[in-house]
Amino acid sequence: MEARAIARLAAALSEAAGADVQLDRPNDPEHGDYATNAALRLAPVRRRPPRQLAEELAAAARAVDAVERAEVAGPGFVNLWLGRSWFGEALDEILRVGRDFGAGSAARRERVQVEMVSANPTGPVTVASARNGAYGDCVARLLEFAGHDVQREYYYNDAGAQVERFRASVEARRRGDDPPADGYHGAYVDDLARLEGDPLPVMLAQIERTLERFRIHFDTWALQSELERELPQILDRLPTYEKDGALWVRSTDFGDTRDRVLIRSPERGALPTYEAADIVYLKQKLDRGFDRAIYVLGADHQDVRGWYAVVARMLGYEEPRVEVLLYQLVHLTRGGEKTRMAKRRGDVVFLDELMDEVGVDAARWYLVSRGPDQTIEIDVDLAAEKTQKNPVYYVQYAHARIAGILRNAGSAEVGAAPPGELAREERELVKRLLEFPALVTEATERRGPHAIPLYAIRVADDFHRFYHEHRVLGSGAQAFRLGLCRATQDLLARCLDLIGVEAPARM
RNA sequence: GCGCCUGUAGCUCAGCGGAAGAGCGGCGGCCUUCUAAGCCGUUGGUCGGGGGUUCGAAUCCCUCCAGGCGCACCA
């Protein structure tokens with residue numbers, strides 16, 4: 001989705017040129033407000049020199065109202081400069097929609113379930129799970145902003161071997177013994193041992209509290225034990241066979257890399273495997289009425305991606321309804337030395353500790369600012385120092401600065417029409433704001449929320465520059481500049497909200 | 001061995017078919033003016049190597065090198 005002001009301009013140019021004209025924002029301000037490579041694209045099709053086509057396109061562009069100047073440059077680019085009335089209309093468009101600027105890009109409203117975190121409740125939320133949550137929650141927020149109906153779900157194993165090991169570890173501490181070698185050893189096990197009863201619900205409640213603090217709210221919690229109860233009905237519909245006492249499914253018939261065990265052999269407890277529950281779970285998700293089921297998984301579960309596609313095929317669902325989002329792992333270093341993150345050993349950094357050290361805003365910002373395919377390295381010792389330099393404060397500061405101006409402005413008139421020629425900083429800021437609809441749409445479709453904080457830095461950048469060069473209150477352009485301020489503030493607040501970071505009015 | 005991901009400025013990373021970028025670091029400037037958590041200047045790159053496709057490649061294809069992560073009757 002493109003901002004209307006840009007879409008209208010592109011349409012007018014396309015009509016004048018008799019060809020599809022797409023607009024880009026050149027990096028170099030010398031290359032105009034917008035530029036198009038339409039002549040370069042067209043040259044091979046029309047078998048004509050690109051420069052010649054560009055000259056014709058430029059001539060046609062000059063006839064378009066909004067265009068003040070059009071020049072041919074380089075191998076066949078056409079650079080465009082726009083008049084002030086176009087900027088006024090563009091800002092007016094942004095102010096009219098306010099916080100909804102860029103929203104509603106979804107062609108069709110879908111019911112989407114995003115399942116995330118889903119760590120077994122055998123310990124506090126780790127930093128690795130925090131990335132899962134930060135990423136998944138931001139994807140969910142983007143989908144909601146696009147107009148979809150999104151549900152966040154947490155899935156956990158409440159009856160498997162790991163959970164039993166966890167319970168046994170707590171029991172051992174209660175007796176005054178050391179936990180078993182293959183059990184859990186963190187200090188949190190000692191804390192749980194001091195309480196009575198099943199430690200699982202306690203742990204689960206703590207996980208939920210941590211995630212709420214991290215600003216992730218789960219609508220539903222799914223239990224593996226409940227899914228397993230529905231397993232028998234599904235087994236008949238699958239191509240299963242027995243081998244070595246276990247029950248297997250012939251998933252290779254559906255393109256799997258190997259057949260999978262669904263029910264273990266008697267000597268291994270005859271219990272259903274995770275894969276068995278996966279099948280029931282997917283069926284249940286899609287039968288519950290979701291158009292799309294999104295799984296958020298760490299790269300150490302990458303083989304599961306292919307597996308879910310196989311499950312969808314076995315159950316007869318269209319594959320696009322199942323989507324697996326992978327993100328690379330988070331590595332922690334202490335003073336340059338790598339630390340392992342094994343929950344059972346207890347030498348981990350928990351999300352609560354990270355939030356204590358750097359704050360919720362910085363933690364979220366940090367975990368979502370990198371592309372999902374990029375491994376994140378956090379030096380725990382440097383994380384706290386990062387606070388003052390973190391770009392999150394740069395963006396929040398821009399928001400707070402604007403809030404200050406608007407407070408001082410009181411009920412002064414807010415307008416969109418520039419009273420005279422726009423200054424360079426004003427032009428750049430308006431064009432930056434106009435990038436948002438296309439950018440947020442792409443971030444949503446590509447499941448790449450990291451584009452949002454990076455864009456927010458650019459917006460803050462342009463605003464700080466504008467602020468530094470131009471006085472708002474008391475200037476001849478006060479109403480226009482107040483409009484620019486409000487539009488910028490709304491957009492920054494939107495960007496921060498999309499990544500779950502607060503937009504303070506004062507700092 | 002097979003599969004997925006990564007390799008862009010000293011460091012951390014964007015960009016993924018159209019005119020090489022940001023933050024941090026380094027160096028040097030700017031506060032009687034709506035918040036200096038700010039602004040400006042400067043320093044910095046055979047976009048891992050080699051082939052190919054294209055008018056045009058950091059971006060697509062092949063190959064090699066380096067690193068991370070997976071290929072269980074674990075979860």
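From a predicted model like this one, the values you see are computed outputs, not experimental measurements. Within every chain, numbering begins at 1; the chains are lettered A, B, ... in the order of the sequence lines, protein sequences first and strands thereafter.
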Asker: Check this one for me: any side-chain N or O of A:Y455 less than 4.0 Å away from OP1 or OP2 of B:G23?
Answerer: no

Asker: Which of the following nucleotides, B:G18, B:C39, B:A22, is nearest to the side chain of A:R458?
Answerer: B:A22

Asker: For a quick check of understanding: with a heavy-atom distance under 4.0 Å over all strands, which category does A:N37 fall into, base, sugar-phosphate or nothing?
Answerer: base

Asker: Should the heavy atoms of other residues, nucleotides or ligands under 6.0 Å from CZ of A:R407 be counted, would the total exceed 12?
Answerer: yes

Asker: With C1' as the reference atom in both, quote the distance from B:G18 to B:G67 in angstrom, rounded to an integer.
Answerer: 32 Å

Asker: Work out how far the C1' atom of B:G10 is from that of B:G49, and round it to whole angstrom.
Answerer: 22 Å

Asker: Between B:C69, B:G38, B:A75, which one does the side chain of A:Y274 approach most closely?
Answerer: B:A75

Asker: Output one line per pair: protein atom, nucleotide atom from nucleotides 13-17 of chain B, and distance, for all N/O pairs under 3.5 Å.
Answerer:
unit_1 : atom_1 : unit_2 : atom_2 : d
B:C13  : OP1    : A:T375 : O      : 3.1
B:A14  : OP1    : A:G371 : N      : 2.8
B:A14  : OP2    : A:Q374 : NE2    : 2.8
B:G15  : OP1    : A:H450 : NE2    : 3.3
B:C16  : OP2    : A:R446 : NH2    : 3.3

Asker: With sequence neighbours left out, write down each residue that passes salt bridge (charged side-chain N to carboxylate O under 4.0 Å, His left out) with A:E153, or none if nothing qualifies.
Answerer: A:R288

Asker: May I ask you to check if A:R401 and A:Y467 form a cation-pi contact, with NZ or CZ under 6.0 angstrom from the six-membered ring centre and within 45° of the axis?
Answerer: yes

Asker: Please determine if A:K285 forms a cation-pi arrangement with A:Y155, meaning its NZ or CZ atom is less than 6.0 Å from the six-membered ring centre and no more than 45° off the ring axis.
Answerer: no

Asker: Over all strands shown, is A:A299 touching base, sugar-phosphate only, or nothing at heavy-atom distances under 4.0 angstrom?
Answerer: sugar-phosphate

Asker: Heavy-atom count check: over 12 atoms from other residues, nucleotides or ligands less than 6.0 Å from A:E413 CD?
Answerer: no

Asker: Heavy atoms only, 4.0 Å cut-off, all strands: where does A:D278 land among base, sugar-phosphate and nothing?
Answerer: nothing

Asker: Mind calculating the distance between CG (A:L53) and C1' (B:C55) to the nearest angstrom?
Answerer: 13 Å

Asker: Provide, to the nearest angstrom, the distance between the CH2 atom belonging to A:W307 and the C1' atom belonging to B:A75.
Answerer: 15 Å

Asker: Taking for each residue the nucleotide of RNA chain B bearing the nearest heavy atom, is the 5' side occupied by A:H468 or by A:W248?
Answerer: A:H468

Asker: For a quick test of reading the model, state the closest non-hydrogen atom pair linking A:A277 to A:L227 and the distance between them.
Answerer: O-CD1, 4.1 Å

Asker: Quantified in whole Å, what is the C1' atom distance between nucleotide B:A37 and nucleotide B:A66?
Answerer: 40 Å

Asker: When rounded to the nearest Å, what value does the distance between C1' atoms of B:U59 and B:C16 take?
Answerer: 4 Å

Asker: Check the geometry between A:H301 and B:A75 and answer yes if their rings are stacked (centres below 5.5 Å, planes below 30°), otherwise no.
Answerer: yes

Asker: Categorize A:A35 for me: base, sugar-phosphate, or nothing, with a 4.0 angstrom heavy-atom threshold over every strand shown.
Answerer: base

Asker: Would you measure the distance from the P atom in B:C61 across to the matching atom in B:U53 and give it in whole Å?
Answerer: 15 Å

Asker: Checking all strands, does A:A277 fall into the base, sugar-phosphate, or nothing category for heavy-atom contacts under 4.0 angstrom?
Answerer: nothing

Asker: Starting at the 5' end of RNA chain B, write a dot or bracket for each base, bracketing those in Watson-Crick or G-U wobble pairs whose two distances are under 3.5 Å and using | for partners on another strand.
Answerer: ((((((((.[[[[.)..(..]]]]((((((.......))))))....[[[[[..)....]]]]])))))))....

Asker: Nearest whole Å is fine: how far is B:C34 C1' from A:R506 CZ?
Answerer: 13 Å

Asker: Please list, pair by pair, any protein nitrogen or oxygen found under 3.5 Å from a nitrogen or oxygen in nucleotides 42-44 of chain B.
Answerer:
none

Asker: A:R471 has a side chain; which of B:C5, B:U33, B:A19 sits nearest to it?
Answerer: B:U33

Asker: A:Y281 OH to B:A75 P: how many Å, rounded?
Answerer: 18 Å

Asker: Indicate yes or no: at least one non-hydrogen side-chain atom of A:H399 is less than 4.5 angstrom from one of A:M507.
Answerer: no

Asker: Does a side-chain N or O from A:R268 land closer than 4.0 Å to OP1 or OP2 of B:C74, or not?
Answerer: yes

Asker: Please check the phosphate of B:G70 (OP1 and OP2 only) for any side-chain N or O of A:R305 closer than 4.0 Å.
Answerer: no

Asker: Going by ring centres under 5.5 Å and near-parallel planes (under 30°), is A:H31 stacked on B:A19?
Answerer: yes

Asker: Nearest of B:G70, B:C34, B:C39 to any side-chain atom of A:D300?
Answerer: B:G70

Asker: Find out whether A:I234 and A:E230 are in side-chain contact, i.e. whether some heavy atom of one side chain is under 4.5 Å from a heavy atom of the other.
Answerer: no

Asker: Using the salt bridge (charged side-chain N to carboxylate O under 4.0 Å, His left out) criterion, which residues pair with A:R69? Sequence neighbours excluded.
Answerer: A:E71

Asker: Should the side chain of A:T257 and the base of B:C71 be counted as holding a donor-acceptor pair, with the cut-off at 3.5 Å?
Answerer: no

Asker: Are the ring of A:F77 and the base ring of B:A19 both nearer than 5.5 Å at their centres and tilted by less than 30°?
Answerer: yes

Asker: With rounding to whole Å, what would you report as the distance between B:G44 and B:C4 at their P atoms?
Answerer: 40 Å

Asker: What nucleic acid atoms does A:H399 come within less than 4.0 Å of, heavy atoms only: base, sugar-phosphate, or nothing?
Answerer: nothing

Asker: Any idea which of B:G70, B:A75, B:G38 is nearest the A:N157 side chain?
Answerer: B:A75

Asker: Which sits closer to the 5' end of RNA chain B, A:R401 or A:V261, going by the nucleotide each is nearest to?
Answerer: A:R401

Asker: Mind checking salt bridge (charged side-chain N to carboxylate O under 4.0 Å, His left out) for A:D361 and listing every partner two or more places apart, or none if nothing turns up?
Answerer: A:R215

Asker: Got A:T210 and A:M355 here, is their nearest side-chain heavy-atom distance under 4.5 Å?
Answerer: yes

Asker: Do A:S265 and A:D244 meet the criterion of a side-chain donor-acceptor pair at a distance under 3.5 Å?
Answerer: no

Asker: For atom C1', what is the distance between B:C39 and B:C31, given to the nearest Å?
Answerer: 11 Å

Asker: P atom, B:A57 versus B:A19: distance in rounded Å?
Answerer: 11 Å

Asker: Base of B:A19, side chain of A:D24 - is there a donor-acceptor contact under 3.5 Å?
Answerer: no

Asker: I need the A:E164 CD to A:S169 OG distance, nearest 0.5 Å.
Answerer: 10.5 Å

Asker: Counting heavy atoms from C-beta on, name the nucleotide in B:A37, B:C71, B:A19 closest to the side chain of A:R258.
Answerer: B:C71

Asker: A:D303 has a side chain; which of B:G70, B:C73, B:G38 sits nearest to it?
Answerer: B:G70

Asker: Give me syn or anti for B:C31, where syn covers glycosidic angles within 90 degrees of 0.
Answerer: syn

Asker: Are A:R229 and A:E226 close enough, and set up right, to give a salt bridge (charged side-chain N to carboxylate O under 4.0 Å, His left out), and what steps lead you there?
Answerer: CA-CA 5 Å; A:R229 257 177 256 140; A:E226 287 180 7; 5.1 Å; no

Asker: Could you work out which one of B:C34, B:C55, B:C39 sits closest to the side chain of A:D461?
Answerer: B:C39

Asker: Nearest to the side chain of A:E275, which nucleotide is it out of B:A75, B:A36, B:C34?
Answerer: B:A75

Asker: Does atom CZ of A:R486 have more than 12 heavy-atom neighbours, drawn from other residues, nucleotides or ligands, at distances under 6.0 Å?
Answerer: no

Asker: Do A:I405 and A:L482 have side chains that get closer than 4.5 Å, going by heavy atoms?
Answerer: yes

Asker: Measuring from the side chain of A:Y467 (C-beta onward, heavy atoms only), which nucleotide among B:G38, B:A19, B:A36 has the closest atom?
Answerer: B:A36

